[in-house]
Structures are given as structure tokens and as C-alpha cells.
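Data block below; observations after.
Just so it is clear: chains get the letters A, B, ... in the order the sequence lines come, proteins before strands, and each one is counted from 1. This structure is a prediction, so every number in the text was calculated from the model and none was measured.
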Amino acid sequence: MFGLRPMNVEFLARLQFAFTIAFHYLYPPLTIGLGMILVMMEGLWLKTRNPLYHNMARFWTKVFGLIFGLGVATGIVMEFEFGTNWATYSRFVGDIFGSALAAEGIFAFFLESGFLAILLFGWDKVGPKMHFFATCMVAAGAHFSAVWIIVANSWQQTPAGSHLEIAGQATPLGHVFQAGELGKARMVIDDFWGVVFSPSSMDRLSHTLVGAWSAGAFFVISVAAFYLLKRRHVNFAAASIKCGLVLALVASLLSLITGHDSAQGVAHNQPSKLAAMEGLWETRGAVPLHPFGWVDTKNGQTHGPQFPAGLSLLVAGRTDHVITGLNDIAPELRPPVQATFQCFHLMVTMGMTMIAVTLWGTWLWWRKRLGDLSYRPTHGFLMVAVPSVLLPQIANQAGWFTAEIGRQPWIVWGYLRTSEGLSAAVKANQIVASLIGFALIYLLLFVLFLFLLNRKIQHGPEPEESHELPDNWLGQSRSDSI
Amino acid sequence: MDYNLLWFVLVGVLFAGYAVLDGFDLGVGALILWVDDDHDRRIMYNAIGPVWDGNEVWLVTGGGALFAAFPPVYATVFSGFYLAFILLLFALIFRAVAIEFRSKEPWRWWRRGWDYGFFAGSTTAALLIGIAMGNIVWGLPIDANGEFAGSFLGLLHPYALLMGATTVALFMMHGSIYLHMKTEGQLQARVRTWINPLIIAFIVCYALTTLATLLYVPRMTEILRTQPALFAVVVLLALAIANLPREIHRGNHGFAFLSSCVTMFLLMALFGLGMFPHMVYATPDPAHSLTAYNSASTSRTLHIMTLIAAIGVPIVLSYTATVYYIFRGKVRIGKDSY
């Protein structure tokens, strides 16, 4: 992907950012997806008063707490890393990008972390409705967090609501920085809502959120399928897998729509990224679509099966739509083609697989055969469902790698190159030290996370308590509660 | 409306809020090894259990606000203090996962190990925060491009280390007062015996820091000379500190904690008064300094940020207060506890 390059500051800074963000990104999507699941389960409990749903809510909340903690621990790193390793970028975009991050803190992080206290520890301290409110607030906070970070990243991809200033003078797009100019240059905000609703932000936000819902949904489906196969906690598992399937169905189908909209946006706003995503070299009409393939960058060719005119149709609804190829884009303005192509196709393949698995499970549910292990399609589905937890994880990572590799060489599209955004005060050996530190610590964290998660899953939910609930339990006040 | 002054103050308030809130979390972490019994340690973890995560958000938001309002300051400080910030991140990561992981398994080696991690992470974080503040006060080598021109080891000079020690002592004192509020019985009696020595340790460190500041960084007290009415802040600070042993002696745990919070806010206020308008004071050439006026975002951004804060902060404060209210009183270990 990077080729063989010397251990220079740019390579190391990019490697560290890629590594830390990829590891961090294992957790927030699960938080967002599981947040929806928790709202579903606790809502069902309040509505039906069935203690099974209460049990489900308690179990999945504990899992949620573990994942949330790792999201927080790895998330602070990201906020600091703009300043530590990308200081020039930070000065350049602070007027806009910084505001989005600060908004994320004020509107999202405080909300989810504040109400987390009640979610995790407040079951016996507040009434059921207040606790459900807290659950909703944590889920909302997680979603708001996605809003602001996607707004920030989308502004990088398709800058809007802002302009470039050099030494206080407005400068149009297309300026190439001369030596020493960058220190006096920055992007300046014109219109807050223009930034928030940049050309790509809403498409990418919706697509990212459904990817997160998929992560949570398949996580639940996977664990529940495991229990069903082992014939453990059967009622719990059956009810859980249905919650998972509902969310997975909505998410998988919406990911088709949101993905399509996002890709059309890329075709319009970031043509070099689209060309790399599909390995298109020649500018032409009737552009074929590759379900998978191999890019021969040296000879400017892409090999693999093709759907004739497929890409033209998807982008513009017409087979004769002309799309710009890489040959008509200056080489220094092309992203790494193979990496972008493969990551994009990996994401799509995972996405299609998720749709297939979801439809399979939903069909079995409709036929009321989900719990019937002797029925071959059910047994097959459950066997596939257990490892399916990996599908959205791979898809989410591959998608982001597509987005971020595909935008190269830009860190702010059209205005600032990634290589221009580094920290001048940081030496290569310092980054080697921090990179090794992160690698070791994150390896330890990941191993422990899997270990604790596995222990929790093996232990399973608490035995279902079928206690009698008094008639007026929803209206009961408790001595310690609000 | 002087947005630059407003945001200089607001960033200070956010970081002061962080110190007041996560200060006691880090203090509890520094104190965890002072009890030996597993149940006592669990009580200490759960004293901060529901609130530590929300408290840490003040750091994230403070950093975000600094990035938004004063991007060159954020960039220069975070990249200049590179290794120190990386170490701070590692410390905060260990603190977080120690709390999360520690009681999940019953094995002695597991729990003892994470207790050491919790201690190391908390103490290191407190120390590094103090060292960073000490360097900001002392002044940093900044070149004509606004970039840090020093080294990591160069940040570990005596004044910065003294400020680091003071911060550790302060957070431990603050943590012990918080624990005193949240514990009962034998554990509370033990915690009580820690408080007075820790108050003394803090006062000694702080007195040394003040002397060193007066002698070696006299510009920090310039504003008290030009605006003598501000000496009232010093008087209030002295009263707040003096009130600590007084409230403890009278058994008013809550007021003692409040006095500790007020002490920290006043310390930050003095810091801000001394620094203003500088955010990064440059040595040897002060002309390279980053100030609230030469390193700010555009006034449009500051205006937008003010609206965001005006809407967001009251909401945050109200549900934060609600959460603290719900979890008031002594720690009770339940099946959901850490």
C-alpha cells in the first residue's frame, strides 16, 4: 500500500494515524449499533412487562459497558493526534474542523458519558422510565458523536462553507503553496450550515450510521446464534436474535441506498477517487462495473469480470454516461489505485453478504424455524451467523480505508495535501517510539477485550427470574429515585 | 464583545472543570495502594465508578475548544510536547481500562495487577498535567514560525517538576476529601487520617511553587501589581485552603469537598490572570509568543462557538448535576458495580 519507503516522518505519521483510528473504529460502531439494540430491548420490556426482555437488557448493557470503555480509551488518542502529529493541518483547518470537534464534545460525549452512569449503575437507583430515558440518551449521544465527526471528515472530502486565506487575503481554490506560505495560510469559515451540510456529509453520515447499526446487529446475532447452537439460554437467544435481525434488515437494505447515494456523490465531487475505486483508466462512456478484480497500475489496466456499462448506469442512470479515467488525471493527483479498488470491493462484498445472511435469517423467522436445529437451513444459518460478526467489522474498516486512501493526495480536498499537514516539531524517532507504544498497548487491550468478552458470553445472562411484578410497578416511586 | 478574552476564559474554565472533576478521580487512583483489602479497594473504584467517564470528557472538550478557538496554540503545544502527550495518553488509557477490567475477574494477580495499572496511570497523568502547566508558566522555546524548538528532556526542568509534584499532591488531597464523603465506617476513618497530611503536603508544595514563581517567573504576578484589587483572589484562595482542615474537623465532608473544588478553581484563576493574554509564552524572544489575540480563530468561528457553548453548556451542567445527585451518598457495592 505504501510501497517500500524510508522511515520518514510522513510515512510514520500516516501509519500511526491509520493504526490508531482503525483500532478505535472497532468500538464506536458497536456502541452505536448496540445502543439501538438496548433501546429496542428495554422498550420492549417497558411495553410488554416480560422479564425476559429485562434480562436481555441487563446482559447486553454489561457488554455495552465494556465496549464503550475501550471506545473512550482509544478515542482520546484521536482528538490529541490531530495536534500531536498533524499540527500544520490543525492550524490550517482549526477555524472549521476544530469547531466540529468541540461540538462533538459538548453535544455528544457529555451526553453519552453522563447518562452512561445511570445506564450501567442506575438500574436500582431510578425508576424504569428514567432508566429507559438514560438508555435513549446514551444511544443518542453515540449517534450525535457520529454526526459531528462525519461533518468534520466530510468537510475535508468536499470542503464547503469556507474559503482559503493567505496572510488574511482570500485566495481561490487551486493555489499551490510556495515555500513559507503555508504558515500564513488557513481555511476560514463563511457559513456554519454550509460546513455542516457540505455536499457529502449527509450521505456519508447516513451510510456510516447504518454501518454502525450493522455492527451492533450482527454482534447480537452472532452471540445469540452461538447460544442457540449450544442450546443454552434458548429463550434469551431467540428473542435476542430477532432484535438483531430487525436492526440488521433495516441496516443492510439502507446501506444499499446510502452507499449508492454516497458513491454518486463521489462520482460528482471526487472523480479521481471514483476512478480508483473502480480501476477506471480510460475516460469513456458505458463504463463497466467490476464485482472484483486486480489493478495493474504499471500498465494502466484493470483485470476481472465486468458488468458492461454497469458503472455508468449506477452513477447517472444512463449507459452512455462518460466517467473520467485515471489517465486524464495528473499522476500526482491520483490516489493509490490498487488499495482503493480492493478496499472498496471488499466493503461491497461484505455488504452484499450481510444482506444475504440477514434475508436468510429473516426468512427462517417468517417460517418460524429459527429455533429448529434439526432443520438444515436453520442449522446452516446459525453456523454462518456466528462468524458473521466479522462482516460489518471488515466492511466498516474497508469502507473507511476506501474513503481516506481514495482522497489522497489531499487532506483537505483541493486545498491541502496530506504531506503538507505534518507536525514540523516532531522527529521520526519520536513517532517510532509512540507507534511501538501504541502497538504494544493496543495489542494488550485487544487480547484482554476478547478474553473478557468471551468470558462474559460463556457465562451468559443471569438465570431468568420470573418474579411477579405488581400491577402498578410502572407508576411506583422508589425511595432513592428521581 | 471581546470573543478572544471570552474564549481565553472559557478554555480555562473547561480545563479547570476537568481538574476539579477528574482531579479527584486521578487522586483516588494515586491513593488506591494505600489500602490493602480487596473490598476497600472496590469501594474506592466505585466511589468514582459512575462519574469518572463523564469527568474525563471535560479534558476532551477542553482540548476540542482549544483546537477550535486557538488552533495555533493547540498545534504548537500538542506537537511540541509530543512525547509528554503520548505518555499522558498511555496513562489515561491504563487508568480507563484498569477501572473497566479490574473487578471483572476474581483472581488476586489480576486485581492486584490492575490496581498497579490504575495507580501508575492516575499518578503519571497527574504528574504530566502538572509538568505541562509548569512549562506553560515558565515559557517555552518557540521559533519565528510558532513551532516548539525544544526537546522532551528540556521540559523536565525543576520548576516544571515542582509544578508536577504540586499537582499530584493537590489531586491526592482532593481525592482523599472526595473519598471521605463517599465512604463510611472503618474505611472512612482510615481515609480521614490521610487528609491532614495530604493538605500539608499540598500546602508545602504550593508554597514552594509560589516562591519559585515570585523569584523566577515574576511576570506571572505582574497583573497583581497593576490591578491590586485582584489580590482578593489570593486572599480567597488562602481562605479556601484554610477552610479545608476546618470543615474536616467539624465533620462537614460536603463543605470540605466544596472548599477543595473552590481552591482548584481559584488556582486556575490565578494561573489565567498571570498568563493573560499569553497562551504560550515564548523564550528567549517573547515576540514569538502565542496570545489570545494573535492565535485565535476568526471572530465568526468564536461567535459560532459561543452559541454552541451557550446552548450546550447549561444542558451539560444540568444533567451532570442530576447524575451526581442520583449517585449521591455512600458507595454501595451491587451486582452491577465495578
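- With a 4.5 Å cut-off on side-chain heavy atoms, A:Tyr442 and A:Val77 count as touching.
- Ring orientation note: the planes of A:Phe121 and B:Phe327 are nearly perpendicular, at an angle over 60° on the 30°/60° scale.
- Of the listed residues (B:Ile315, B:Leu88, B:Thr76), the greatest number of heavy-atom pairs within a distance under 4.5 Å of chain A belongs to B:Thr76.
- Taking the charged nitrogens against the carboxylate oxygens, B:Glu105 and A:Arg455 do have a contact shorter than 4.0 Å, which makes a salt bridge.
- A:Leu119 and A:Trp123 get closest at one heavy-atom pair: O-NE1, 3.2 Å.
- Side chains of A:Asp190 and A:His163: a donor on one and an acceptor on the other come within 3.5 Å.
- Between B:Arg332 and B:Glu184 there is a salt bridge, with a side-chain nitrogen of the basic residue lying less than 4.0 Å from a carboxylate oxygen of the acidic one.
- Counting heavy-atom pairs under 4.5 Å between each of B:Val60, B:Ile86, B:Val323 and chain A puts B:Val60 at the top.
- Donor-acceptor pairing under 3.5 Å is lacking for the side chains of A:Asn55 and A:Glu462.
- Contacts from residues 94-102 of chain B to chain A, taken as heavy-atom pairs separated by less than 4.5 Å, involve B:Phe94, B:Ala96, B:Val97, B:Glu100, B:Phe101 in sequence order.
- A:Phe82 touches chain B through backbone and side chain together, each having a heavy atom under 4.5 Å away.
- When heavy atoms are compared at a cutoff of 4.5 Å, A:Phe92 does not approach chain B at all.
- Taking B:Tyr338, B:Tyr319, B:Phe85 one by one and counting their heavy-atom pairs under 4.5 Å with chain A, the maximum is reached by B:Tyr319.
- Residues of residues 297-309 of chain B that come within less than 4.5 angstrom of chain A, heavy atom to heavy atom, are B:Ser297, B:Thr298, B:Arg300, B:Thr301, B:Ile304, B:Met305, B:Ile308 in numerical order.
- With a threshold of 4.5 angstrom between heavy atoms, B:Ala296 approaches chain A through N, CA, C or O but not through any side-chain atom.
- Around atom CD of A:Gln458, more than 12 heavy atoms belonging to other residues, nucleotides or ligands sit under 6.0 Å away.
- Heavy-atom contacts from other residues, nucleotides or ligands closer than 6.0 Å to CH2 of A:Trp193 number 12 or fewer.
- Contacts between A:Ile118 and chain B at a heavy-atom distance below 4.5 Å involve backbone atoms as well as side-chain atoms.
- Of the atoms belonging to A:Lys62, it is side-chain heavy atoms, and not backbone ones, that fall under 4.5 Å from chain B.
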Discussion item. Before you tell me yes or no, could you show the steps for B:Ser79 and A:Trp86 under side chain to side chain donor-acceptor pair (under 3.5 Å), namely the whole-Å CA-CA distance, both residues' side-chain angles and the distance that decides it to 0.1 Å?
Written reply: CA-CA 8 Å; B:Ser79 61; A:Trp86 301 95; over 6 Å; no
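- If you measure heavy-atom distances from A:Ile76 to chain B, the contacts under 4.5 Å come from both the backbone and the side chain.
- Between the side chains of B:Tyr82 and A:Ser434, a donor-acceptor pair is found at a separation under 3.5 Å.
- Atom CZ of A:Phe19 is surrounded by more than 12 heavy atoms from other residues, nucleotides or ligands within 6.0 Å.
- Scanning all heavy atoms of the two residues, the minimum distance from A:Phe109 to A:Ser145 falls at CE2-OG, 3.6 Å.
- With no hydrogens or angles considered, no side-chain donor-acceptor pair links B:Asn135 and B:Tyr281 at under 3.5 Å.
- Among residues at least two apart or in separate chains, there is no side chain to side chain donor-acceptor pair (under 3.5 Å) pair with a member in residues 57-75 of chain B.
- Contacts between residues 9-26 of chain B and chain A, counted as heavy-atom pairs separated by less than 4.5 Å, involve no residue at all.
- For the pair A:Gln430 (side chain) and A:Lys427 (backbone), a donor-acceptor distance under 3.5 Å is present.
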